[in-house]
Amino acid sequence: MVAVKIDGKAFAETVRGDLAKHVEQLQREHGITPGLAVILVGEDPASEVYVRNKGKQTRECGMASFEHKLEATSSEAELLDLIGSLNADPAVHGILVQLPLPAHIDSDKILNAIDPAKDVDGFHVSNVGLLGTGQKAMVPCTPLGCLMLLRHHHGKLDGLNAVVIGRSNIVGKPMAQLLLRDNCTVTIAHSRSRDLQNIVRSADIVIAAVGRPEIVTGAWIKAGATVIDVGINRVERDGRKKLVGDVNFESAAEVASAITPVPGGVGPMTIACLLANTLTACCRARGLPEPLGLTA
Ligand SMILES: Nc1nc2c(c(=O)[nH]1)N[C@@H](CN(C=O)c1ccc(C(=O)N[C@@H](CCC(=O)O)C(=O)O)cc1)CN2
Ligand SMILES: [Mg+2]
């Protein structure tokens, strides 16, 4: 292995430590406690783990956590009612609806019902538009986490060729916007891109967020590139369940200069950035300065 392994777990711990200090200062100087409400609909096992971890880490940072669990059969109207009451609650500065939602619920309608100022996921069309036009937005957590890792390990990104594999609203599209804002030349590729391998080989920075286990191998990577693996795929190998990314770590690490592992890379940064966004939303709501270095 020639690449440096980018330790997202350790970096996320540092971010959460900084956040806890800011939260303590907010309480001491202004008597304010940032609050995050998380809504889970149904019983998807992975979502249950993520929501539990979000609640735990929110409390560990000194923020207030409000957890709402709704039956899988809950109606869109029930969910909209709950969002309406959280929008109106001054103790709640951030609202997150865990995705995916059950198929009978229109996700876009739900996400667009959240007050954009409390939209700590950055999925409301207003925030998508603000980010796309270079204005102050709430930035989606996973791309924000990738950007923080990239800036920390690579420094300035100006002029670099970045290839984002994946065009989801949660990762691919906002990631491309953030890289553009940092002056990269950005290509968005996806599973149907012709000659994907050669597109990826042109990249100084590869963001793999396509949801295909280990599709990107070392043969696709330009020597010295930085590889950020967003994939979380549960697969069975030699009769054992395993979590792998969209990148084949072993072969890519022979060619890249730096690479994130799965697990322990981007995943932990997602929750750290959610907490950072909650603190940001709280400061904006109260007209207080935003902590530097915790946002894009
Ligand atoms: N409303 C949202 N829903 C979803 C989001 C999101 O950002 N907002 N992202 C994902 C799930 N997710 C957070 O919600 C998330 C995924 C993974 C991790 C993480 O820490 N992963 C670990 C591995 C954990 C495991 O064993 O499964 C890692 O990569 O090290 C945190 C959060 C979809 N839904
Ligand atoms: Mg749906």
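Whatever order the structure lists them in is the order used to number ligands and atoms, beginning at 1. The structure displayed is predicted, hence computed values, not measured ones. The first residue in the sequence is number 1, and the count goes up from there.
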Passing candidate, salt bridge (Lys or Arg N to Asp or Glu O under 4.0 Å) with Glu67, options Lys54, Arg52, Arg59: Arg59
Other residues, nucleotides, ligands: >12 heavy atoms within 6.0 Å of Gln27 CD: yes
Heavy atoms from other residues, nucleotides or ligands near CZ of Arg28 exceed 12 (cutoff 6.0 Å): yes
Heavy-atom pair with the smallest gap, counting every atom of Val120 and Ala281: CG1-CB, 4.2 Å
Atom of Ile83, atom of Val97 and distance for their closest heavy-atom approach: CD1-CG2, 4.1 Å
Shell of residues surrounding ligand 1, defined by a 4.0 angstrom heavy-atom cut-off that is strict: Tyr50, Lys54, Leu96, Val97, Gln98, Leu99, Asp121, Phe123, Ile232, Arg234, Leu243, Pro263, Gly264, Gly267, Pro268, Thr270, Ile271
Asp238 (side chain) donor-acceptor with Arg240 (main chain) under 3.5 angstrom: no
